Amino acid sequence: METDITDDFTLWKQGAEARLFTGNYLGKSSVMKERFTKSYRNSTLDAYLTKERIKAEAKTLVRCRSAGIPTPTLYLVDFERKRIVMENLENSLTVKDYIIQLSETDDSNNNLNELEFISQEIGRLLGKMHSANIIHGDLTTSNMLVTQDNGSVRLHLIDFGLSYVQQSSEDKAVDLYVLERALLSTHSNVAQMFGAILNAYQLVFKDKAKEILKKLSDVRARGRKRDMIG
Amino acid sequence: MVVAIGFEGSANKLGIGIVRDGEVLANCRRTYITPPGEGFLPRETARHHREVILQVLQEALDTSKLSPTEIDVVCYTKGPGMGGPLYSTAIVARTIAQLWRKPIVGVNHCIGHIEMGRLVTKCDNPTVLYVSGGNTQVIAYSRKKYRIFGETIDIAVGNCLDRFARVLMLSNDPSPGYNIEQEAKKGKKFLVLPYVVKGMDVSFSGILSYIEERAPSLIEKGEYTPADLCYSLQETIFAMLVETTERAMAHCGSNEVLIVGGVGCNVRLQEMMGQMCQERGATLYATDERFCIDNGAMIAHAGALMFSSGQTTEWKDTFVTQRYRTDAVEVTWR
Ligand SMILES: Nc1ncnc2c1ncn2[C@@H]1O[C@H](COP(=O)(O)OP(=O)(O)OP(=O)(O)O)[C@@H](O)[C@H]1O
Ligand SMILES: [Mg+2]
């Protein structure tokens, strides 16, 4: 009988499109992300989207690695069982929770510094990602993880199911816009955070960034300019 | 206690409603219906509103059994919507406010939908999917604003459905979208269409031109029936909406969804959203055609909330505006 190498994984979290399991894969502490069928969706469409997303996630994890962008290492892709196995970033925290945690502690001076620091890190990482023409597709603070060891904070990107490769400034601007709105709805020091993110983004991305930031204001205006006539 | 009268005429529905502290006393409406294959144009729609508005006003007063003296505030749709129809409706609201010597409140149409949905379904802090002929937005409330999390970057979902109904020459009575829904129930064969989600935003114009281009020959060759195409279109665009709504919920940690706007009556959309909610232990709230389709009561109710929290619109600001963002309104009543 065929044995499933991932038999001894245990359910850990349920996300929007996937269940996450933790366990050991070839002796390494791993996370298995298994996408499940969305019963609301037509089955042909569901099968198509699920496959596309596994493909996108696996491809981009590898691509990020070679571009020097911190992401979990990819160990295994299994289309049949709709899952991938990757490195477990142990003791990590989503940036969303990290920011909430910061705002709940008292040392407000230090918090501002930490917030500034994490914002710069986000900006730097996104600049690097976009200069490799990688579009994330779902850039929220829930899809960024923070690991801390010995006081040093490290940022990682995850959840690449909607990612793709694209040179155009427009797609990069949309990526930033998603992040801006995600920040708006969850965090209160948005203006300051997003400003710091864009500054750092510009520093690493240099010339190209100007064009993208210009596109960002077009993208922001898009909804505003649309006639609401039906 | 606040008694409010609301005037709505931003698109092809003319509605007047009277609401007393969240209790709907009257909600009268007329719809301008065009022949199959034709959409409604601003000039003709405005004429329709002008022709029926006084009759609808009388009907609303009669139904409510109130006299004008018992009304505290006059509310009207300030925007967004079509200029001519908005203007024709606002003029009557302004006139009666002066005749009856009542304060006036200009209401954002989208806020009207959201507040009516919250009132009717009694949900507390939902992620809102607002889907109509002119709008498609995923909205979450935070810090005194209804914030737009995702939206269409081109045409609205209802507009996409309506325009496809015209290609198939389906009737516009009671609405093209309703007739697409009925057709879709008979559909079986799924045609893979472009699925366009960009970040949190959705796009429908590419899907529409894709299916518009192929529909005549697919039908002629007998490969797909019109019903199959309606079914495929609905399944695809609704899946996009449910997906972006779910992502907004996941990010905001919300466990309620409220669907508002005319397309919100679509039972298939409600069913899909319901399945998504069930899978994540969330609750779906939706309303029926009386309240999800444009109506006067929603404008009266939202206006009453604004009025109770101390807002009135100064006379010089009682104009209408075709573009008026949901997130431009400061929510003073929550
Ligand atoms: N490699 C990893 N190491 C540690 N934690 C992880 C890892 N991958 C995911 N997580 C945790 O699981 C959560 C959900 O993961 P992820 O975002 O990939 O799934 P999801 O939101 O369901 O995504 P999708 O929309 O692709 O279905 C993350 O927020 C994070 O807390
Ligand atoms: Mg995620």
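The sequence lines fix the lettering, A, B, ..., with proteins before strands; numbering per chain opens at 1. Remember, it's a predicted structure, so these values are computed and weren't measured experimentally.
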Handout entry: Residues from residues 257-265 of chain B approaching chain A under 4.5 Å (heavy atoms)
Key = none

Practice task
Evaluate whether atom OH of B/Tyr178 has more than 12 neighbouring non-hydrogen atoms of other residues, nucleotides or ligands under 6.0 angstrom away.
Solution key: no

Exercise for the section: Can you tell which part of A/Leu45 gets under 4.5 Å to a heavy atom of chain B, answering side chain, backbone, both or neither? Expected result: both

Side chains of residues 233-241 of chain B: which donor-acceptor partners sit under 3.5 Å, not counting sequence neighbours?
{"residue": "B/Gln234", "atom": "OE1", "partner": "B/Asn266", "partner atom": "ND2", "Å": "3.0"}
{"residue": "B/Glu235", "atom": "OE1", "partner": "B/Arg268", "partner atom": "NH2", "Å": "2.9"}
{"residue": "B/Glu235", "atom": "OE2", "partner": "B/Arg268", "partner atom": "NE", "Å": "2.7"}
{"residue": "B/Glu235", "atom": "OE2", "partner": "B/Arg268", "partner atom": "NH2", "Å": "3.3"}
{"residue": "B/Thr236", "atom": "OG1", "partner": "B/Ser232", "partner atom": "O", "Å": "2.7"}

Handout entry: Heavy atoms of other groups near A/Tyr48 OH, more than 12 under 6.0 Å
Key = no

Exercise for the section: Give, as side chain, backbone, both or neither, the part of B/Leu193 having an atom under 4.5 angstrom from any heavy atom of chain A. Expected result: neither

Handout entry: Side-chain ion pair, B/Glu246 and A/Lys38, N-O less than 4.0 Å
Key = yes

Exercise for the section: Give the C-alpha distance, both sets of side-chain angles, the deciding distance and a yes or no for side chain to side chain donor-acceptor pair (under 3.5 Å) between B/Tyr231 and A/Asn42. Expected result: CA-CA 10 Å; B/Tyr231 164 74; A/Asn42 169 278; 3.0 Å; yes

Practice task
Tell me, yes or no, whether the heavy-atom count around A/Gln167 atom CD, taken from other residues, nucleotides or ligands under 6.0 Å, exceeds 12.
Solution key: no

Exercise for the section: Specify the closest pair of heavy atoms between A/Ser142 and B/His251, including all atoms of both residues, with the distance to one decimal. Expected result: OG-ND1, 2.8 Å

Exercise for the section: Mark yes when over 12 heavy atoms from residues, nucleotides or ligands other than B/Lys189 sit less than 6.0 Å from its NZ; otherwise mark no. Expected result: yes

Problem - Under 4.5 Å from a heavy atom of chain A, the part of B/Glu243 involved - result: both

Exercise for the section: May I ask you to check whether over 12 heavy atoms, not counting those of A/Lys208, lie within 6.0 Å of atom NZ? Expected result: yes

Completion exercise
Counting heavy-atom pairs under 4.5 Å with chain B, the top scorer among A/Asn143, A/Thr44, A/Leu49 is A/Leu49

Completion exercise
dist B/Met272:CE -> A/Tyr40:OH (nearest 0.5 Å) comes out at 7.0 Å

Practice task
Return yes when atom OH of B/Tyr195 has more than 12 non-hydrogen atoms of other residues, nucleotides or ligands closer than 6.0 Å, and no otherwise.
Solution key: yes

Problem - Greater than 12 external heavy atoms within 6.0 Å of A/Arg154's CZ - result: no

Completion exercise
Given A/Asp138, A/Val174, A/Asp46, the one with more heavy-atom pairs under 4.5 angstrom with chain B than any other is A/Asp138

Problem - Engaged part of B/Phe149 at the chain A interface, taking heavy atoms whose separation is under 4.5 Å - result: both

Exercise for the section: Count the heavy atoms of every other residue, nucleotide or ligand shown that sit under 6.0 Å from NZ of A/Lys51, and state whether that count exceeds 12. Expected result: no

Handout entry: Gap between atom OG of A/Ser39 and atom CD of B/Gln278 - 0.5 Å precision
Key = 7.5 Å

Problem - Lys/Arg-Asp/Glu bridge criterion (N-O < 4.0 Å) met for A/Arg181, B/Glu151 - result: yes

Handout entry: Choice from B/Arg247, B/Arg280, B/Glu279 maximising heavy atom contacts with chain A below 4.5 Å
Key = B/Arg247

